[in-house]
Amino acid sequence: MMPATVNVNRLATHRQNLKAGAIYSLNGFEVARCNQNYRLSDSPLLIRFVESTSFTEITVSSAPIPRESFRFHSHVELLGLANSNNQLPDLIGEIVAVKSTVIDPPQDKNRVMATIKMDRDTSVIMSFFDAQAVKLHTQLEQMGGDPRVVVATSVNPKMVGGRMFLNATSGTHIYFDKETNAGESLFYILVAQDTGLTPVAPLLKGYAKVESLSIAELNDFAVPAACQDIDFICSGKVTGINVEKGWCYVSCSKCARKLQQSASSYTCVPCNNTNTVGVLRYRVEMSIADESGEGLFVAFDGVMTKLHNMTAAEAVHLLV
């Protein structure tokens, strides 16, 4: 598969020819090298539609063209791509839970988080924001029953606090259950594992709203509570940076956990590797306040990189 691009100024010229499922014979196009960042295919080359490009629709192709071409990656492979920003792979898995902040009518700062079970019972959380979150939330609400299988294209894997998360991109498309051949195959595999028959997929969990809290309310909840994985939304102003514990750490390039330093090497205890490669990652403690109170928040690598578009390694070079 080779990607094709069209300049926004020529979109009106070629839009009528961009029909899903159609087969064309092309002439008068340019061939260029792919950008190495955020790649959508494994091809080193791409096609550019220019002013002289002509489209001739054909009904029969001289070579068979598959209707689907996904680049699915395993959980281990996605870990290797996390934070690299050089590929946008595809994902297939079982959707087991959905959390949404979308209300009717939709407000600002919408977010949907889907927990997806992948190979070997490993799970990841995929996040959708703003218009994409509203679209997915509406799509799920309008379905007759909750879906079982999800196929997501062009996702961006990120490591945050030692855990991998997948972010939807502008090129992400979502397909459920039998909307794709790949999804249909996994759907029947999952159903057969459950019952040996092929009934309608069981309903998933209901949508759990992510609550908006003031910082005072969050402090009242978090201080006496036992450790747990839960989501809230807080809005406030950064009032200070606590640098007593530093702002970055040397992490394992594989699992992102903090490394133990010896005289001549770094050791990753979770990976049981006594000579691992170290990577700098952010860990920043920030005081954030609103009109109700103040709290201490810890921001990890993915969040800080997104905030100012600079990796921890790049930031260190500025300070040297």
For a quick test of reading the model, state the closest non-hydrogen atom pair linking [X] to [Y] and the distance between them.
| X | Y | value |
| --- | --- | --- |
| Ala152 | Ile174 | CB-CD1, 3.6 Å |
| Ala312 | Trp247 | O-CH2, 3.9 Å |
| Ser100 | Val112 | OG-CG2, 3.6 Å |
| Phe128 | Ala133 | O-CB, 3.4 Å |
| Arg33 | Leu46 | O-CD2, 4.0 Å |
| Glu285 | Val298 | CG-CG2, 4.0 Å |

### Task
Assign the ring pair Phe55 / His14 to parallel, tilted or perpendicular, where the plane angle (0 to 90°) is split at 30° and 60°.
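Rings of Phe55 and His14: tilted, 30 to 60°.
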
### Message
So, using side chain to side chain contact (heavy atoms under 4.5 Å, CB included) as the criterion, who are the partners of Ile241 when residues are at least two apart?
### Response
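Residues passing side chain to side chain contact (heavy atoms under 4.5 Å, CB included) with Ile241: Val238, Val243, Val284, Met286.
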
Keeping [X] on the side-chain end and [Y] on the backbone end, is there a donor-acceptor pair under 3.5 Å?
| X | Y | result |
| --- | --- | --- |
| Gln132 | Phe129 | no |
| Asn167 | Ser127 | no |
| Thr122 | Asp119 | yes |
| Ser251 | Val279 | yes |
| Thr305 | Thr311 | no |
| Asp90 | Arg71 | yes |
| Glu30 | Ile47 | no |

Cluster check [X], [Y]: I/L/V/M/F/W/Y, side chain < 4.5 angstrom:
| X | Y | result |
| --- | --- | --- |
| Leu88 | Leu81 | no |
| Val316 | Val303 | yes |
| Met304 | Met310 | yes |
| Met126 | Met143 | yes |
| Ile189 | Phe72 | no |

Is there a side-chain contact between [X] and [Y] in this structure, where contact means two heavy atoms from C-beta onward sitting under 4.5 Å apart?
| X | Y | value |
| --- | --- | --- |
| Ile288 | Ile215 | yes |
| Thr276 | Thr267 | no |
| Val149 | Leu190 | yes |

Rounded to the nearest 0.5 Å, how far apart are [atom1] of [X] and [atom2] of [Y]?
| X | Y | atom1 | atom2 | value |
| --- | --- | --- | --- | --- |
| Met164 | Asn83 | CE | CG | 10.5 Å |
| Leu213 | Cys234 | CG | SG | 5.5 Å |
| Asp146 | Ile95 | CG | CD1 | 8.5 Å |
| Phe70 | Ile92 | CZ | CD1 | 8.0 Å |
| Asn156 | Thr169 | CG | OG1 | 7.0 Å |
| Asn181 | Tyr175 | CG | OH | 12.0 Å |

So, [X] versus [Y]: side-chain donor-acceptor pair below 3.5 Å or not?
| X | Y | result |
| --- | --- | --- |
| Thr153 | His173 | no |
| Glu294 | Thr239 | yes |
| Arg48 | Thr5 | no |

